[in-house]
Amino acid sequence: MKKLLEILGVIALIQGVAGLVHQFTDWNWGLVQRVGFLEGFEIYAGLALLALAVALFAAAENTKSG
């Protein structure tokens with residue numbers, strides 16, 4: 001369970017950073033800008049993914065190995 005939470009945390013972290021990088025540099029990578037209903041809210045989605053990543057890492061830290 002710990003490894004799964006860590007993997008999901010890494011994915012959320014990468015996608016959150018990719019969404020923010022896309023907004024500020026117009027690099028065309030990541031999934032946040034490709035989701036239609038998030039149009040105009042990409043920065044908030046990126047920040048939410050970063051917060052989710054922190055929460056997933058904290059949850060992984062509090063679980064037993066396995």
Please round to the nearest 0.5 Å and tell me the distance separating atom [atom1] of [X] and atom [atom2] of [Y].
X	Y	atom1	atom2	value
Glu42	Gln23	CD	CD	4.5 Å
Lys3	Ile7	NZ	CD1	7.5 Å
Leu49	Gln15	CG	CD	7.5 Å
Leu38	Tyr44	CG	OH	13.0 Å
His22	Trp29	NE2	CH2	11.0 Å
Leu50	Ile14	CG	CD1	11.5 Å

Which atom pair, heavy atoms only, marks the closest approach of [X] to [Y]?
X	Y	answer
Val32	Gly19	CB-CA, 4.1 Å
Trp27	Val21	CE3-CG1, 3.8 Å
Ala53	Gly9	CB-O, 3.4 Å

If Ile, Leu, Val, Met, Phe, Trp and Tyr residues are connected whenever their side-chain heavy atoms lie under 4.5 Å apart, and connections chain through other members, are Leu52 and Leu4 in the same group? yes
Decide yes or no for Glu61 and Leu5: does some side-chain heavy atom of the first lie under 4.5 Å from some side-chain heavy atom of the second? no
With sequence neighbours excluded, what pairs up with Phe24 under the side chain to side chain contact (heavy atoms under 4.5 Å, CB included) test? Leu20, Ile43
